[in-house]
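Okay, structure first, notes after.
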Amino acid sequence: MFPSPLHKSSFNLSPPWLLPIFLIIFSALLCCANISHDASGNHLDRDALLSFYHNISSSYSSPLNWSVSIDCCFWEGVVCDKNGRVIRLLLPSRGLAGEISGSITGLSHLQQLNFAHNRLSGPLPDGLFRLLDRLETIDLSNNGLSGQLHPSDQLPRTIKKVDLADNNFEGIIQSSLLQSSLNLISLNVSKNNFTGSLPSNICNFSSSIKVLDFSVNDFNSSVPYGFGKCSRLKVLRAGFNRLTGSLPSDIYRATTLQEFSFPSNELSGTLEEGIVNLTNLKILVLYNNQLRGMIPRDIGRLSKLEQLLLLLNRLNGTLPSSLMNCTRLLTLNLRSNLLGSELSSFDFSKFSHLRTVDVGSNLFNGSFPGTLTSCRALTAIRLSSNQLTGEIPLEMQSLKSLSFLSISVNNLSNIARTMKILSSCKNLRTLILSDNFFNESLPYDESLVGSDGFENLQVLALGVCHFSGQIPIWLLKLGKLEYLDLSNNDLTGPIPSWIGNLSNLFYLSLAQNLFSGSLPIEITRIERLVTSDDKSANQLDQSYLDFPILLQPDTFSGLQYNRLSNLYPTINLRENKFQGTIPVEIGQLKFLHALDLSNNYFSGDIPDTIAELSNLEKLDLSFNSFSGKIQVSLKNLHFLSSFSVANNNLLGLIPSGGQFDTFPATSFEGNSGLCGPVLQRSCPDRQSTTTSEPPTRSTSPEEGITTFWLVFWISFGASFIVAFVTYALSCYANTSHDASGNHLDRDALLSFYHNFSSSYSSPLNWSVSIDCCFWEGVVCDKNGRVIRLLLPSRGLAGEISGSITGLSHLQQLNFAHNRLSGPLPDGLFRLLDRLETIDLSNNSLSGQLHPSDQLPRTIKKVDLADNNFEGIIQSSLLQSSLNLISLNVSKNNFRGSLPSNICNFSSSIKVLDFSVNDFNSSVPYGFGKCSRLKVLRAGFNRLTGSLPSDIYRATTLQEFSFPSNELSGTLEEGIVNLTNLKILVLYNNHLRGMIPRDIGRLSKLEQLLLLLNRLNGTLPSSLMNCTRLLTLNLRSNLLGSELSSFDFSKFSHLRTVDLGRNLFNGSFPGTLTSCRALTAIRLSSNQLTGEIPLEMQSLKSLSFLSISVNNLSNIARTMKILSSCKNLRILILSDNFFNESLPYDESLVGSDGFENLQVLALGVCHFSGQIPIWLLKLGKLEYLDLSNNDLTGPIPSWIGNLSNLFYLSLAQNLFSGSLPIEITRIERLVTSDDKSANQLDQSYLDFPILLQPDTFSGLQYNRLSNLYPTINLRENKFQGTIPVEIGQLKFLHALDLSNNYFSGDIPDTIAELSNLEKLDLSFNSFSGKIPVSLKNLHFLSSFSVANNNLLGLIPSGGQFDTFPATSFEGNSGLCGPVLQRSCPDRQSTTTSEPPTRSTSPEEGITTFWLVFWISFGASFIVAFVTYDKGYNNILRSRNLKDRRYDRDLKKRD
């Protein structure tokens, strides 16, 4: 019976009409719920918004109009749906600051969230993505948000766009964060601090992804496989990270890509031909990496390409002819590679849309490419730093849109015709012609340039051409000229007065010419330097140059500029023959930043009006004939950072205060009349006072005599009293002070002792019952005062107590090689004023060296190496250290400028070591003043610019070491003045130009390391005079010529020579075999031809030989000769001997041939033949590479007898047959010989070598023990099953059997390879299931069984939870979550768990009905309760309405 609507009663389950009536009532209840739920939901959303609002602030004058009296759906930035639920919160660019409140996760219906371009900070609220499970778009870009993205906070399934760009997020982007984002279209996490690997598995989760931007982060792995699975990907960016290795081949399967941008990483390898499959590509940006090899031959298949930027790599070869098919190209930039050939042979005429082309800093030769003039849309051309000859074509005048042209550093001719042609390019703004037209006359004729010629020209560079003539009058027609460089020529005559009419000129360099005459007053009236036009300045700020240019302004040498407004306004007239005085009107140049008049014949006083140049940063008046005093007013130049008046005739007191307190003595040297503290030369009283103060009243002779005797007797009496008191006190002190002093020292030591702990089992024997002079590490003088505290390598930990400064007689302090931490005690150096030696090296001390804590005058040696000190080393720290001999601050975190002024303070300095820090300025002047300096090290910093010329005056130098910086410029001839030099190390910089011609003057040189620069030219013949050379390393430069023409026979002491990765050609240098002391030779990656000489067998000490990547021939003769080199350990011959037969004959190698050989690399030679049997004689062989050949046959069974072999690569050959069981018995992979392993750890290779092991491609190794034990048989024709004995190779780290014909089950014994890190079984015919036991391989980081015939459930747990779907694809029978393919129940259970007891049919039926009735009963109870509550709610609602109705009626009545 159905219950009455007015009261409750029981009811039966039996009536058949119950269910329909219940459903009707239940629907009504749902409607009621909807009516009441909207208001409740809106109330919750409003509370969440208010909580968010109270947690942030707005920098806008008008705050958000979020008033509690207004429905939140009408608040600014809030959008609601029809039910009043907040679905959009859009507050971009509202100046919001503070953290995002966690209350925002209460907006459960939110679909769009946009807080972009605000000032929000802090981490994201917990569960932001997980709780907002309807979110489609989130944009938090351009804020200051930080923290990590927690992997448990998964992006919701609804998400389509995520933009977190330009914040401070960090950590790894875990795959679990993305695994639910099935509809994601765009992900932008650029400009953050994310690390680890790129999340390429995103393509496994979302098939809709179109845009991925990971650029400007700190991703630091190789580029992972997986992006090839993104079937709709259009944009992939990951530039400005630290990505390494080669680009994975699967990336070329993402054929929908339109932009592929990975600039400024550390990518290596070649640009593979597979890239031409990306036929939709419009933008290809891979600049500033380490790519090598040739541009893909078929790159023309990328017919839609618009931007091709491959600059700053090491690409070689020619421009492929197919590139002409890329007819839509707008930008072509191949600058700074090793590309060559005759440039005019390439047809540019097809590029009708081309706007910018840059092939500068390559090896192109021949004439100017005439077809380039057919590209009428061109706005910018740079062909600088090549080997072009001849004249520019007349057709250049048809390039009406051209605004930028740089053809400097070539060998072009006819400057007059060039200027005549280019004057027709009406839009030309930047014209750089320097370093061409050698020894021509600079045309003067006014008619050279028409009235409207060069009407828009702003930059004109004609330096380093050795022009003769005068400043041409046609320059006056260049009304918009801002930058003029005529430096480094042979121009004569005066500066014409009309120079002042160039109203826009702000940079003028006439340096290093033969100009004469006086400084014309008109130069002080150049409008741009006299007045500031804010309007034009603002326009310039927006006016970017087509290419960044290296103008080497004299104020800040070596910097690149991408807009003119960044250049420092400059007048540079140095090294000419100017004379006369500086006009006082010079003070009118209010906006001048740099003035260089050095090395001329100027005379007279330095005008006081220079002090009116309020923006001046550099002033160089050195090497002239100025007289008089230095104007005191100059100290008011508050921006002056570089100043010199050296080598003039100045006199008087050097001003003090302001910037003058920062200038070194070198700024004033060579003026015998100057005096002051900086020169350590005192001034006569009268002179100093008259210079500093106005004159006082004069004194008569009588007054002078009286004053003299008065002062004399007062001084004599005072001296007598002082002497007497001092004597009395000293007598007393001798009897009582010693004990007191010893007591003070003991207390100081005990306080120090109690402040640290020792990790040694035996603590210090510092007992209070023993005199402290007998304590360990303590030495006292005869008076019982502590003078030495020597506790190196005692395991001391903790901070150094300030009590140690109480050891007032301490002379030596040594805490080296401990575990001390924290800052130095305040006043350590100042209070220990007798200290001679302090050694705190190899600890973990931190903090800054306070400038007030000066090193004492007594100090001789300071060693703070290998700590965590930071900050700037101030000059005041060093100014009292007059006796300092050695300063070592290496391996810390110091920054700023090197303290070169140390040479002004100490004339005894011999050793300076600033290496392995973060010094980040140019190398300052001053080291040339160190008259006894022997060692100067500053490697592994971020030093920039050219080496200062004064460094070549430090002629006592024996070691000059500045490797791994960012030094630029050339290696000047002045370096040959360092005739005592034994070690010259400048590798891994940006040095260019030629090795100094007279380098042979460095006859004591033992080590010359100039590798990893851009040096060009030949080996200078004078180098043969450096007969003491032990090490010669010039690897990775652009050096060329026929190497056999250089005579190495003079280097009788030479041990290692490395000339690899250059452009040397010709035959193998036979004279090298005269260097009988040689232990290592590397000539790889050059263009050598022919055979190696027979005399190589006389190099009995040779242990390392790499001649790979050349074009040598006759492998049989080569092996025969080299087998006589008994000490040979490393032999790398790869990429030579093309298409020869690998000799098989056992007699090729004698019984003792190659008896010490450990590494043999014969890959990439396309050898035919089989694995030669003579390899069996190489008993010590550890590494064998025969990959990339055409070898055939089976793997011989004797391979298992090579007991030391741990790295075997037979990849990419034609080998066949089965996997011999003997390969599973290689002793080195089966058992671990700890003794041999330890020996290997100590055995460093002569050179680091790039072996490209397949486990970790592209890494360099300096010892064999760092290589991963590997067997690589990929891409052959092997077949059969894998023997179960494979499990014996316990010490194998990488196994690659991919791309063969293996079949059968994957043996379960592979799970016994407990050290395995890489396992690739893809592209075979394996069947059966993946063994569950493989998940116990805890180090497995790379795994693939793709494209086999496997079936069943993919194991889960362990490393298997980290592998992407690509590891399993191509197996139709596999199933599991990673493939998003469910398994049948029976299959999944039998695969994952041991089989359970089977169930009978009768038991199944019983279970079914039991589950059915339980479910039905539970559902009915829930329905009834819902009905009961709903019905009561309806009654309450009706009663309420009735009461309101009655009340209203009463009111009406």
Side-chain angles (χ1 to χ4, degrees), residues 100 113 122-132 135 137-230 233 235-245 248 250-251 254 261-262 265-267 1341-1342 1359 1361-1367 1378:
I100 301 175
L113 177 62
L124 296 181
D126 289 342
L128 178 67
F129 301 131
R130 187 180 70 256
L131 297 173
L132 298 181
L135 206 59
T137 301
I138 181 168
D139 188 349
L140 303 177
S141 61
N142 289 272
N143 280 284
L145 297 167
S146 59
Q148 300 189 17
L149 304 181
H150 295 289
S152 60
D153 192 15
Q154 296 178 4
L155 291 170
R157 297 171 67 91
T158 53
I159 199 74
K160 294 179 180 178
K161 178 186 173 184
V162 177
D163 193 344
L164 305 179
D166 211 351
N167 281 286
N168 298 315
F169 292 115
E170 60 187 2
I172 297 171
I173 300 178
Q174 303 283 3
S175 60
S176 56
L177 176 77
L178 307 165
Q179 65 186 17
S180 297
S181 51
L182 307 182
N183 299 295
L184 188 62
I185 295 173
S186 174
L187 174 64
N188 186 351
V189 294
S190 62
K191 298 182 182 178
N192 281 284
N193 302 311
F194 289 114
T195 59
S197 181
L198 299 177
S200 62
N201 54 5
I202 193 172
C203 304
N204 299 330
F205 309 132
S206 173
S207 59
S208 306
I209 196 77
K210 292 182 180 179
V211 178
L212 291 173
D213 194 343
F214 305 110
S215 51
V216 197
N217 277 283
D218 199 31
F219 292 108
N220 54 353
S221 71
S222 58
V223 182
Y225 279 79
F227 290 116
K229 295 281 287 180
C230 295
L233 190 61
V235 176
L236 178 58
R237 302 187 188 112
F240 300 92
N241 283 286
R242 290 191 292 130
L243 300 171
T244 59
D250 90 312
I251 215 164
S261 180
F262 277 59
N265 281 287
E266 299 169 16
L267 299 176
S1341 58
S1342 176
Q1359 292 297 95
D1361 289 346
T1362 68
F1363 301 139
T1366 50
S1367 296
V1378 69

### Task
Could you walk me through whether Glu266 and Thr244 pass the side chain to side chain donor-acceptor pair (under 3.5 Å) test, one step at a time?
CA-CA 5 Å; Glu266 299 169 16; Thr244 59; over 6 Å; no
To the nearest 0.5 Å, what is the distance between [atom1] ([X]) and [atom2] ([Y])?
X	Y	atom1	atom2	result
Leu187	Ser181	CG	OG	8.0 Å
Ser215	Asn188	OG	CG	7.0 Å
Lys210	Lys161	NZ	NZ	13.5 Å
Leu182	Ser208	CG	OG	8.5 Å
Ser1342	Tyr225	OG	OH	8.5 Å
Leu267	Ser222	CG	OG	9.5 Å

For [X] and [Y], indicate whether the former's side chain and the latter's backbone hold a donor-acceptor pair under 3.5 Å.
X	Y	result
Asp166	Asn142	no
Asn201	Pro1364	no
Asp250	Gly226	yes
Asn265	Leu243	yes
Asn143	Asn167	no

Heavy-atom closest pair, residues [X] and [Y]:
X	Y	value
Ser197	Pro224	OG-CG, 3.7 Å
Leu124	Leu145	CD2-CD1, 4.1 Å
Asp153	Leu177	O-CD1, 3.0 Å
Ser190	Asn217	CA-ND2, 3.7 Å
Asn241	Phe214	ND2-O, 3.1 Å
Asn183	Arg157	ND2-O, 2.7 Å

### Message
Using the side chain to side chain contact (heavy atoms under 4.5 Å, CB included) definition, which of the options Leu135, Ile138, Ile100 pairs with Leu128?
### Response
Ile138
### side chain to side chain contact (heavy atoms under 4.5 Å, CB included) partner of Phe219, the single match among Ile172, Ile173, Thr195
Ile173
#### Entry: Worked check of side chain to side chain contact (heavy atoms under 4.5 Å, CB included) between Val189 and Phe194
CA-CA 8 Å; Val189 294; Phe194 289 114; 3.7 Å; yes
Any side-chain heavy atom of [X] within less than 4.5 Å of one from [Y]?
X	Y	value
Pro199	Leu178	yes
Ile209	Ile202	yes
Ile251	Leu236	yes
Cys203	Phe227	yes
Asn168	Asn193	yes
Leu164	Leu149	yes
Thr1366	Lys229	yes
Arg242	Asp218	yes

### Message
side chain to side chain contact (heavy atoms under 4.5 Å, CB included) for Leu155 and Val162? Distances and angles first, verdict last.
### Response
CA-CA 9 Å; Leu155 291 170; Val162 177; 4.1 Å; yes
### Task
Walk me through it: do Asp213 and Val235 pass the test side chain to side chain contact (heavy atoms under 4.5 Å, CB included)?
CA-CA 8 Å; Asp213 194 343; Val235 176; 6.0 Å; no
